[in-house]
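Bear in mind that the values here come from a model prediction, so they are computed numbers and not experimental data. A note on names: the letters A, B, ... follow the listed sequences, proteins ahead of strands, and every chain is numbered from 1.
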2 protein chains.
Amino acid sequence: MTVNPPDIPGVVISRLPVYARALALLRAEGREVVSSQELGQELGVTPAQIRKDLSYFGRFGKQGRGYNVGLLLDQLRTILGLDREWRLALVGVGRLGQAILGYGGFSPQGFKVVRAFDSDPARIGTAIDHLIVEDVADLEESLRNDPVDIGIVAVPGDYAQEVIDTLVASGVQSILNYAPIVSRVPAGVHLKQIDPVLELQSMTYHLKRLQDQGGQDALSSGKA
Amino acid sequence: MTVNPPDIPGVVISRLPVYARALALLRAEGREVVSSQELGQELGVTPAQIRKDLSYFGRFGKQGRGYNVGLLLDQLRTILGLDREWRLALVGVGRLGQAILGYGGFSPQGFKVVRAFDSDPARIGTAIDHLIVEDVADLEESLRNDPVDIGIVAVPGDYAQEVIDTLVASGVQSILNYAPIVSRVPAGVHLKQIDPVLELQSMTYHLKRLQDQGGQDALSSGKA
DNA sequence: GTATGTGAACTCTTTCACAGCC
DNA sequence: GGCTGTGAAAGAGTTCACATAC
């Protein structure tokens, strides 16, 4: 059954794929059992956090022993829905979009890009990586006729919100957005952002402080 | 001066670039003043959160009026260190690495990729986008002679931890990792992950629940 | 009147610590 | 003995609400 649990924190869910990845590695190495202690060491996470996270979903371990690697991995894959294939539509087949199509990391994990859209007449109708590029003007109709599970947005920032709105109107409930914009979606739609510039811009905060103190080899700030 | 404030939560810092982006947009539109109310609406964030976040760094607003767009933007850029140029080294010039080099979004924000490394003899010594690809075997020596601020890792997963360790050994304190691995760095080094698969894998959690209930229009799970 | 800046209240997460089981 | 699962405690982060300033 695996009945829908009521209210599991988002941060917990976002950690499960990380656990699954580590477990897959352990299984590939032939490990059969692992403790929360070991797993935590591997991941830089406290053992208590791992146990607490897992406890939202059931009791997967054996006291005195630990977790069966293969069993826990299967459970996590089931919980996350990684035991099926997911159909993605890519919007934007420019340089970034083509890199996404060419990326070999999605399909082994069950994510298949099955549709591609663009607005450039030079690209519409051409085949890229087994896909015929469709006109983005037909996006809504096309997705209504033959739905996908997830939309990937890889268009320039100026068009991204518009594309996101169209995806939502077409019934897509999960969107992965590569465009560097502040985007909003209605409640109930899940949007994740891939934004390297944002990541860099928060790293520079720390770098700046390192550099500004760099000269004066140590103890320069007030106390201790 | 802008003296190093003691302990500002990481989540606060990660929101500042988002505020800065929204402010840059407002400025481009000619807006001169904005309230936390409006800005919050734009970003899907509470006004109180914006005010609290900003209050860690100073008092930038005027009561009864709001924030001067240009002034606040400049302050944020200074706080984040976006008022200078940052030098990046890219490790891995395969398909992904080339997409990163070709991405036009970094340099307008002051992030210049000034070095590129690879292990493939066919690529070493060739020029890509103004850069001569260096041998990754020389990574540490090269970076010691001529340091960069940030390292970008775009090698296959199997080599990524090794590359990250070498970057750290070379004195790099901020790393942006595109490889889909669970990586660890010593305390003091800042590592950010760009990992679309991880994002997708947490989105499927919600999708699965939508789908599993999809058929049976409502109330079907055990109790309540 | 209007909107900031901020202590206090609240909510959400993480960690502790130990009973229970292997 | 060893490790899980979990209430309780501690710690972070967010929101409230109002004094203060324009």
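- Atom P of nucleotide C:dT4 and atom CG of B:L39 are separated by 10 Å, given to the nearest angstrom.
- Comparing atom distances between the A:K62 side chain and each of C:dT14, D:dT15, C:dC22 picks out C:dC22 as nearest.
- Heavy-atom distances under 4.0 Å link DNA chain D to B:V11, B:R15 of residues 11-31 of chain B, given in residue order.
- One can place CD of A:E38 at 14 Å from P of D:dG2, the figure rounded to the nearest angstrom.
- If you check the side chains of B:D165 and B:Q161, you find a donor sitting under 3.5 Å from an acceptor.
- The nearest whole Å value for the distance from the CZ atom in B:F57 to the P atom in C:dG5 is 13 Å.
- Taking only side-chain nitrogens and oxygens, A:R59 comes nearer than 4.0 Å to OP1 or OP2 of D:dT6.
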In a table with atom names and distances, give each donor-acceptor pair under 3.5 Å that connects a side chain of residues 58-75 of chain B to protein atoms at least two apart or in another chain.
| unit_1 | atom_1 | unit_2 | atom_2 | d |
| --- | --- | --- | --- | --- |
| B:N68 | OD1 | B:G70 | N | 3.0 |
| B:N68 | OD1 | B:L71 | N | 2.9 |

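- Judged by closest nucleotide on DNA chain C, B:S36 is the one of B:K52 and B:S36 placed further toward the 5' end.
- Among the nucleotides D:dT6, C:dT15, C:dT4, the one closest to the side chain of A:Q49 is C:dT15.
- B:Q211 and A:R84 form a side-chain donor-acceptor contact under 3.5 Å, judged by distance and modelled atom types alone.
- Taking only side-chain nitrogens and oxygens, B:Y67 never comes nearer than 4.0 Å to OP1 or OP2 of D:dC22.
- Ranking C:dC22, C:dT4, C:dG5 by closeness to the B:Q63 side chain, first place goes to C:dT4.
- Using a 4.5 Å heavy-atom threshold, the side chains of B:E42 and B:L25 count as separate.
- In plain terms, the two heavy atoms of A:V148 and A:A89 that are nearest each other are CG2-CB, 3.7 Å.
- A:D53 has its CG atom 13 Å from the C1' atom of D:dT6, to the nearest Å.
- Minimum atom distance to the side chain of B:R51 is reached by D:dA17, of the listed C:dC22, D:dT4, D:dA17.
- Side-chain atoms of A:T46 lie closest to C:dT15 of the nucleotides D:dT6, C:dT15, C:dT6.
- Between A:I164 and A:R184, the closest side-chain pair of non-hydrogen atoms is not below 4.5 Å.
- Per the geometry, CZ belonging to B:R65 stands 14 Å off P belonging to C:dG5, to the nearest Å.
- Listed nucleotides: C:dG5, D:dT14, D:dT6. Nearest to the side chain of A:S55: D:dT6.
- In this structure, A:F111 and A:F106 have perpendicular ring planes: the angle between them is above 60°, well past the 30° mark.
- Among the protein residues, A:P47 comes within range of no part of the nucleic acid, since none of its heavy atoms lies under 4.0 Å from any strand.
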